[in-house]
Amino acid sequence: MKKPLALALVLLLGLSTVMAANAQKIHSVDSDVYQAITNLYIASGKALPSTGGPWSSDELAKMLAKIDRSELEEGSQAAYDFVAAELNEAHRAVRFGLDVALEGYYHTDAVNFTDEADWVRGYDERNPLLDIVLETWPSEHFYGYSSFYVGGTKYNDYSAAKGPVSYSFGAAPFSTNIFFTPAPADIQDLDFGMPYRAFGAIGGDGWSVQVGRDKLSWGPGVTGNFMLGDHLKYHNVGRVTAYGDTFKYTFATSFFPHPSQYYPVIDGSGNFINNRGQTQLSQGLNMFMAHRLEWRMLADKVGLALSEAVMYQSLDNTLDLRVLNPAAIFHNRSEE
């Protein structure tokens, strides 16, 4: 009796590591799933779905529920099936992933094309050498994600004439994303700013809370958005969102270094000042705070979004609680 009982316990333990689809998974602003849903809304003659990302699986599933698959053409039905499969995919409690990318870049003019702006495939388009991903689904209401980026920095030198520069763009005809190969590269060329995407999230039916690092984007812009765009590598974000059939509310904060932490950059002789490191205590508060309301009306034919934001800064790390009132209309300004 002991052996069958032990075998049953082992099988039960193994099955417990496999969970149903977790509705609190957070999909990034460049998610293929969200893009497919956007295309389905366009094909169905509906106003765009919520353009305030990122989004949880629960929210994307509610978006998909508004699409009638039987009314779609064959190509759109395939996109619908892709989204449904992604949102209903079963997950293990823990998933490790490793992406390896080896890229090479070659050009014939190492004299006139030495800046990143001259390159078609710039820093943001280049893949890191390694990307180590850890996803966790502790329960149906919790989700965690970490991406440890192993790649080179955007800049590794400074010029009084040009400002920050990098010999990875044009100093030699051939370069790669192996950040330690171009001479005189060293360990300082490793981008220690990573991870760029690492956060925890909790949520339920119609709501989600996210804290950590992630990209934000508010609006349907292709090359950027007026208030929040994906041009930054990441935001140190705290985000709360609640959504229903016709209405969505999002409150978000993003924290940045205070200007006192990086100015002055150049001394009186024109030399680059680089005397700040991890041993220096961080001082000052610089916070972006915004909220966004989105409505859908006229049988989903019209969408309306209203966004409001404020930048709050304090040299002595104090926080005026009055600015945290999400019902207040932000106005005037103060300097500290």
Side-chain angles (χ1 to χ4, degrees), residues 24-42 46-64 66 79 83 86-87 122-128 131 133 135 143 145-147 149 154 193-201 203 206-243 247-256 286-296 302-311 326 330:
Q24 301 315 315
K25 177 176 179 177
I26 301 298
H27 297 258
S28 65
V29 296
D30 56 359
S31 164
D32 292 336
V33 175
Y34 173 77
Q35 187 57 54
I37 292 177
T38 298
N39 294 336
L40 290 174
Y41 269 62
I42 295 173
K46 299 180 182 295
L48 294 180
S50 167
T51 55
W55 309 266
S56 67
S57 288
D58 178 68
E59 184 178 358
L60 296 184
K62 285 178 168 54
M63 294 179 187
L64 185 65
K66 294 192 171 203
V83 173
E86 289 292 316
L87 295 179
Y123 176 79
D124 291 334
E125 289 76 35
R126 299 185 176 191
N127 291 313
D131 191 9
V133 175
E135 281 186 285
Y143 174 75
Y145 183 93
S146 295
S147 172
Y149 175 109
K154 186 172 186 177
M194 61 85 175
Y196 292 142
R197 194 165 189 250
F199 55 83
W207 65 277
S208 177
V209 178
Q210 178 186 7
V211 177
R213 284 186 173 184
D214 203 358
K215 282 189 175 184
L216 297 175
S217 182
W218 286 5
V222 176
T223 59
N225 288 307
F226 179 72
M227 181 173 291
L228 269 176
D230 61 358
H231 58 288
L232 296 181
K233 295 293 286 186
Y234 63 86
H235 288 267
N236 291 306
V237 63
R239 186 178 64 92
V240 179
T241 182
Y243 44 88
F247 179 76
K248 176 182 177 181
Y249 175 78
T250 303
F251 177 86
T253 60
S254 180
F255 292 84
F256 302 90
N286 189 12
M287 175 182 68
F288 170 86
M289 186 178 70
H291 52 196
R292 179 178 176 88
L293 299 90
E294 300 176 71
W295 294 271
R296 303 187 65 80
V302 176
L304 177 65
L306 174 64
S307 299
E308 187 181 21
V310 63
M311 289 295 302
F330 301 137

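FYI, side chains are in, hydrogens and waters are out, and symmetry mates aren't considered; it's all heavy atoms of this structure.
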Contacts table for residues 227-234: side-chain donor-acceptor under 3.5 angstrom, sequence neighbours left out:
| from | atom 1 | to | atom 2 | distance (Å) |
| --- | --- | --- | --- | --- |
| Y234 | OH | R213 | NH2 | 3.4 |

Applying side-chain contact (heavy atoms from CB on, under 4.5 Å) to E86 and not counting sequence neighbours gives V33, F82, E89
Across all chains, not counting sequence neighbours, the side-chain contact (heavy atoms from CB on, under 4.5 Å) partners of A198 are S146, P195
Are the side chains of H27 and L87 in touch, meaning some heavy atoms are under 4.5 Å apart? yes
When rounded to the nearest 0.5 Å, the distance separating CZ of F255 from CE of M287 is 5.0 Å
Sorted by chain and residue number, the ring pair (Phe, Tyr, Trp, His ring centres under 6.0 Å) partners of F199 (sequence neighbours excluded) come out as Y145
For V237, the side-chain contact (heavy atoms from CB on, under 4.5 Å) test, sequence neighbours excluded, returns D214, L216, H235, R239
Taken in chain and number order and not counting sequence neighbours, the residues that satisfy side-chain hydrogen bond (donor to acceptor under 3.5 Å, both in side chains) with D30 are S28
In L60, T241, V29, the residue satisfying side chain to side chain contact (heavy atoms under 4.5 Å, CB included) with P54 is V29
Tightest non-hydrogen contact, residues F288 and A309, listed as CE1-CB, 3.6 Å
CD1 (I37) and CG (D32) are apart, to the nearest 0.5 Å, by 11.5 Å
A47 and Y41 have their tightest heavy-atom pair at O-CD2, 3.0 Å
In short, M63 meets P49 closest at the heavy-atom pair SD-CB, 3.6 Å
Residue set satisfying salt bridge (Lys or Arg N to Asp or Glu O under 4.0 Å) with K46, at least two apart, ordered chain then number -> none
Sorted by chain and residue number, the salt bridge (Lys or Arg N to Asp or Glu O under 4.0 Å) partners of R292 (sequence neighbours excluded) come out as E294
By side-chain hydrogen bond (donor to acceptor under 3.5 Å, both in side chains), Y243 pairs with (sequence neighbours left out) S56, D58
side-chain hydrogen bond (donor to acceptor under 3.5 Å, both in side chains) filter on K248, not counting sequence neighbours, yields S50, E59
Beyond-backbone contact of I26 with R197, side-chain heavy atoms, under 4.5 angstrom
yes
- prompt: Can you check side chain to side chain contact (heavy atoms under 4.5 Å, CB included) on Y34 and T51, steps first, answer last?
  reply: CA-CA 10 Å; Y34 173 77; T51 55; 3.9 Å; yes
N225 meets the side-chain hydrogen bond (donor to acceptor under 3.5 Å, both in side chains) criterion, sequence neighbours left out, with S217
Heavy atoms of Q24 and Y143 approach each other most closely as O-CB, 3.5 Å
The side-chain contact (heavy atoms from CB on, under 4.5 Å) partners of L306 (sequence neighbours excluded) come to W295
